[in-house]
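Here the structure is laid out as structure tokens; the discussion comes afterwards.
Both counts, for ligands and for their atoms, begin at 1 and track the order of listing. Heavy-atom basis, side chains included; hydrogens, waters and symmetry copies ignored.
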Amino acid sequence: MKFQNSLPYAKQIDKADPLKSFRSQFHFPKINGNTPIYLAGNSLGLQPKSTKKFVEEELTDWAKWGVEGHFHGNRPWLYYHKFSKKILAQLVGAKPIEVVAMNQLTVNLHLMMTSFYQPTPTRFKILTEAGAFSSDQYAFESQLKSHGINPDIALIELKPREGEFTLRTEDILQAIQENSDQLALVIFGAVQFYTGQFFDIAAIAKAGHRAGAMVGFDLAHAIGNVPLQLHKDEVDFAVWCSYKYLNSGPGGVAGAFVHERHATNFNLKRLAGWWGHQEKERFEMKKGFVPMPGADGWQLSNFPVLLGAALQASLQVFEKAGIKNLRKKSVQLTGYLEFLLNEIDPTQKYFQVITPTAPNARGCQLSILMKRDGKKIFNAITKSGVIADWREPDVIRVAPVPLYNSFEEVFQFGEIFKKAVSKK
Ligand SMILES: Cc1ncc(COP(=O)(O)O)c(C=O)c1O
């Protein structure tokens, strides 16, 4: 696509955008009566207008039925975790049995690691990207310590080459191979939260398995953003949150994927709760945990229905838009943002986009590494009506989301950013 740096051009692509009607299905924040340019869907997605109706339906059922709401109403609460399966499975490229909505991301990471990180005296190392999200780092560290293993010895954190910002796939594969005698788990953030790099899931999974390790992914920045095919890629497990690209609201219910080949492996160690027990016996209160097959067998507690209602509302929007259509627009929208940024500072004197340029190596987020006055420039664009986010030490992350952001907004962002940079 040949882009142009002009408002009429941006408006023209918006007009031709087959997904343009979805923007009006979301609430946009207002600041001093104005709608900001919201480029923070990678942090907290906007609220679909339908969310209120979905949540109110459950409040009404609660008022109307009390405890009997577990069996009555449009979506009986007893089965609530099942209602999101079909679309979640589509979004991560899985079979419905392989996915479940539950808990929060870090809780799910611990549940998965309890099952899929089984160190032995010779095979005990975890390989991940350097600078993984703090909560993941704490999970790795505490899991290692719970097995009596020193993280300084057992945690391999891969850094990009000198002078580079993102990891090369060949270097990841080589590191996996070099550690193949001792590796127990390979785990990456599928889309890296800081750099926006979308890792090659298939290649990493293949290499990890060849090395004799389990392979997992944190999909916090990937689900609803990039195409995924976890089943085909034979990933062992994955976890995600739903408040970013899935627009399920702050603290929304998270999810997990467990590959079908582990569905009936009841010998896997796991932490158990009644919601993971065989459904037909769940209320018999019998002794002895018998897990349900598939991802459902990792559930602990009864489902958070009000959070689930918000998730339902959002997934319905995704179902209508279609993830393939969204990805198509996303590649163009982020490409346009990159084009405009390159026009502002072609010699990279003031800033540099560190997210990979290849569309298949990134989602919609671009991470702008600021070389001088970064925080001041960030504050200036915020003052001018842009909602983006600042990540210490020196990165501004911007994520044009195809469901609700427009080419015009990306153009306006470019103008505001140019002005803020030129003043410094
Ligand atoms: C990559 C990544 N992993 C983990 C988390 C933590 O998620 P939660 O608070 O839902 O456990 C986040 C939160 O933003 C994240 O971005």
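Annotation for ligand 1: atoms under 4.0 Å from non-hydrogen atoms of H221 are 1 (C), 16 (O). Within the listing of ligand 1, atoms 13 (C), 14 (O), 16 (O) sit less than 4.0 angstrom from a heavy atom of K244.
Taking the centre and axis of the six-membered ring of W298, the NZ or CZ atom of R270 falls inside the cone set by 45° and 6.0 Å.
Contact record, P48 with N247: CD-O, 3.5 Å, taken as the closest heavy-atom pair.
Checking Q25 against K49 by side-chain atom types alone, no donor-acceptor pair falls below 3.5 Å. Side-chain contact of N302 with H70: a donor-acceptor pair under 3.5 Å is absent, judged by distance alone.
Backbone and side-chain nitrogen or oxygen atoms of D218 are examined, and one is located within less than 3.5 angstrom of a nitrogen or oxygen of ligand 1.
Heavy-atom proximity to atom 10 (O) of ligand 1, evaluated over F133, Y194, F193, Y243, is greatest for Y243.
Counting protein heavy atoms only, atom 11 (O) of ligand 1 is closest to T106 OG1, 2.5 Å. In terms of protein heavy atoms, atom 4 (C) of ligand 1 is closest to D136 OD1, 3.2 Å.
Note: F283 and W274 meet the aromatic proximity criterion, with ring centroids under 6.0 Å apart.
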